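Working notes, structure below.
Side-chain atoms are counted along with the backbone in the values below, which use heavy atoms only and exclude waters and symmetry mates. Here the structure is a predicted model, which is why all the values come from computation and not from measurement.
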Amino acid sequence: MSTPTLAHTFAESLPEMAVPARAAEFPDPQVVVLNAPLARELGLDPEWLRSAEGTAWLAGAAGGHATAYAGHQFGQFVGLLGDGRALLLGDIDGREIQLKGSGPTPFSRPGSDGVGAIGPMLREYAVSEFMHAVGVASTRSLAVLSTGERVLRQQGYVPGGIVVRVANSHLRVGSVQYAATQSEELTAKVVAAAGFSTPTKLLREVMDRQLELVVKWMRIGFVHGVMNTDNTALSGETIDYGPCAFTERFAPAAKFSSIDSTGRYAFGNQPNIIAWNLTRLAEALLPLMGEAAAREILGLIQERWDHFWQLHFAGAEEAIAAAGDITQFNLDHGLPVGRAPIFIPRNHMLQRAITSAERDGDLGPYFELLRAVTDPFNPAAGPEWMKGPEGDELFVTYCGT
């Protein structure tokens, strides 16, 4: 197989928001995990991707674009963020391929190295593929690469890594916010690039996508940890798995992110935060749609939330409280399709597997866990000890930057 030919639809549709960039030159990039089924789905040859040429391509040798966006981070607006350590290689068959941790870009913040550590990349691969397996809309992971260098993080020097991410679109609420700071014309171009004929249709559809997404998060105890508007995708896909974790109990105050000191993005706050983010999206669209239309749509948030809650989660809070564990509730009552998520990437379990890979170079525990959580309805996919709850032991996650 020759090097894949990718389209550059984002850059061609929104040249004002895409800057040509190249990945860093890494000393020894190697494929650590490869999602062969997803590769084939994209028309890519897994064997070629494992070759020296394919590995170089996965590491960004062909270059790409860094994209611009703004965002509210923990409630504070930042007018320009952008891909500070990500590189959009292009798109194939309508799906975008992006590297995360591939080196600095023109949007990198002062003092940022632009690269990633292998641990957070392995975390994103496992959790995003679990989310896909249980029917939660998510970016996908095509591969994780080691880079052959060591990077400085909270725990000292650790092996560097890249995750190769696949999404229907990397446009975010923050993309609309950035465009709105520039011109109405650019805002209208973002609306069109996102696949909508009018801003009204965009706001209505993104509202439904995001409300249903967060209900599904709550069903499985997922705590995103960093629900900034730049991490709220217009496609309705879960994006950015930096400080994510899972709560086993239906505990509204559950939070795990080291940077969320106030609990803004705690488990029980996620419904209010997504409503807040949707309001920020409406504000960015106001010049195109008017206040009356925006108010009318935002006025439907509670009604639409109740609809999706009833659809996916009706009466579950009390049953979960009685069961004492979200996973046990799902085992007892099943999902709407009649299946239970037996295996989830439980916090300490996943961290032990990542630590084994990061510190000792032993990927065995990680692959054992990965097999279970990517086939989570199959009792034979993993050992018995992976099925039980871990309890309330303290757990802290870091964003990985």
Worksheet item: Can you list the steps and then say if I92 with T5 is a side-chain contact (heavy atoms from CB on, under 4.5 Å)?
Response: CA-CA 8 Å; I92 186 169; T5 301; over 6 Å; no

Worksheet item: What about the rings of F130 and F246, do their centers lie closer together than 6.0 Å?
Response: yes

Fill in: Closest approach of S108 to P104 (non-hydrogen atoms, all atoms of both residues)
OG-CA, 3.2 Å

Practice prompt. Evaluate the criterion side-chain contact (heavy atoms from CB on, under 4.5 Å) for residue pair M207 and L281; output intermediate values, then yes/no.
Written response: CA-CA 9 Å; M207 179 177 73; L281 174 60; over 6 Å; no

Item to complete: Indicate whether any N or O donor in one side chain lies under 3.5 Å from an N or O acceptor in the other, for N272 and Q270.
Response: no

Worksheet entry | Point-to-point distance, once rounded to the nearest 0.5 Å, from NE2 of H170 to CD of Q98 | 3.5 Å

Worksheet item: Quick one: do the W48 and T3 side chains pair a donor with an acceptor below 3.5 Å?
Response: no

Item to complete: Say whether, by atom type as modelled, one donor and one acceptor occur between the side chain of T238 and the main chain of A137 under 3.5 angstrom.
Response: yes

Worksheet item: If you round to the nearest 0.5 Å, how far is CG of L211 from NZ of K216?
Response: 13.0 Å

Discussion item. Can a donor-acceptor pair be found, under 3.5 Å and without considering hydrogens, that links the side chain of D113 to the backbone of V151?
Written reply: no

Fill in: Carboxylate-amine/guanidinium proximity below 4.0 Å for R209 and E205
yes

Discussion item. Please find the pair of heavy atoms, one from L34 and one from A143, that lie closest to each other, and give the distance.
Written reply: CD1-CB, 4.0 Å

Fill in: D375 side chain to N378 side chain, donor-acceptor N/O pair below 3.5 angstrom
yes

Worksheet item: About how many Å separate CG of L38 and CD1 of I97, when rounded to the nearest 0.5 Å?
Response: 8.0 Å

Worksheet item: Are any of the side-chain heavy atoms of S141 and E124 separated by less than 4.5 Å?
Response: yes

Worksheet item: Hey, are E212 and R304 close enough for a salt bridge, meaning a charged N less than 4.0 Å from a carboxylate O?
Response: no

Worksheet item: Atom CG of L203 and atom CD1 of I297: how far apart are they, to the nearest 0.5 Å?
Response: 4.5 Å

Worksheet item: Using the ring of each side chain (for Trp, its six-membered ring), is F222 parallel, tilted or perpendicular to H224, with breaks at 30° and 60°?
Response: perpendicular

Discussion item. Determine whether a donor-acceptor pair (N or O, by modelled atom type, separation under 3.5 Å) exists between the side chain of D83 and the backbone of T67.
Written reply: yes

Item to complete: Check whether the side chains of N277 and T229 place a donor and an acceptor atom closer than 3.5 Å, and report yes or no.
Response: no

Worksheet item: Can you find a side-chain donor-acceptor pair between H72 and Q177 that sits under 3.5 Å?
Response: yes

Worksheet item: If you measure from CD1 on I301 to OG1 on T279, what distance do you get to the nearest 0.5 Å?
Response: 5.0 Å

Worksheet item: Is a side-chain donor-acceptor pair under 3.5 Å present for Q351 with N347?
Response: no

Item to complete: Quick one: do Y366 and V33 satisfy side-chain contact (heavy atoms from CB on, under 4.5 Å)? Show the steps, please.
Response: CA-CA 10 Å; Y366 180 80; V33 193; 4.0 Å; yes

Fill in: Donor-acceptor under 3.5 Å (H312 side chain, M218 main chain)
no

Discussion item. So does Y69 get a backbone contact from the side chain of R172, meaning a donor-acceptor N/O pair under 3.5 Å?
Written reply: no

Worksheet entry | R123 side-chain N/O to Y241 backbone N/O, donor-acceptor pair under 3.5 Å | no

Worksheet entry | Under 3.5 Å side-chain donor-acceptor pair for S169 and S235 | no

Worksheet item: Counting N and O atoms only, with roles assigned by atom type, does the side chain of E96 sit under 3.5 Å from a partner on the main chain of N168, one being a donor and the other an acceptor?
Response: no

Discussion item. Salt bridge (Lys or Arg N to Asp or Glu O under 4.0 Å), that's the test. Do R95 and E41 meet it? Break it down for me.
Written reply: CA-CA 11 Å; R95 301 171 78 183; E41 191 178 310; 2.5 Å; yes

Worksheet item: Can you check whether F74 and Y265 have ring centres sitting under 6.0 Å from each other?
Response: yes

Worksheet item: Hey, mind stepping through V166 and T139 against side-chain contact (heavy atoms from CB on, under 4.5 Å) and telling me if it holds?
Response: CA-CA 6 Å; V166 176; T139 56; over 6 Å; no

Discussion item. I'd like to know if the side chain of S112 reaches the main chain of G114, judged simply by a donor and an acceptor atom lying under 3.5 Å from each other, with no hydrogens or angles considered.
Written reply: yes

Worksheet item: Just how far is it from atom CG of D260 to atom CE of M227, taken to the nearest 0.5 Å?
Response: 11.0 Å

Worksheet entry | Backbone of A52 reached by a side-chain donor or acceptor of T55 within 3.5 Å | no

Item to complete: Can you establish whether the number of heavy atoms outside E390 located under 6.0 Å from its atom CD is more than 12?
Response: yes

Fill in: Sidechain-backbone polar pair: S183 side chain, A179 backbone, donor-acceptor under 3.5 Å
no

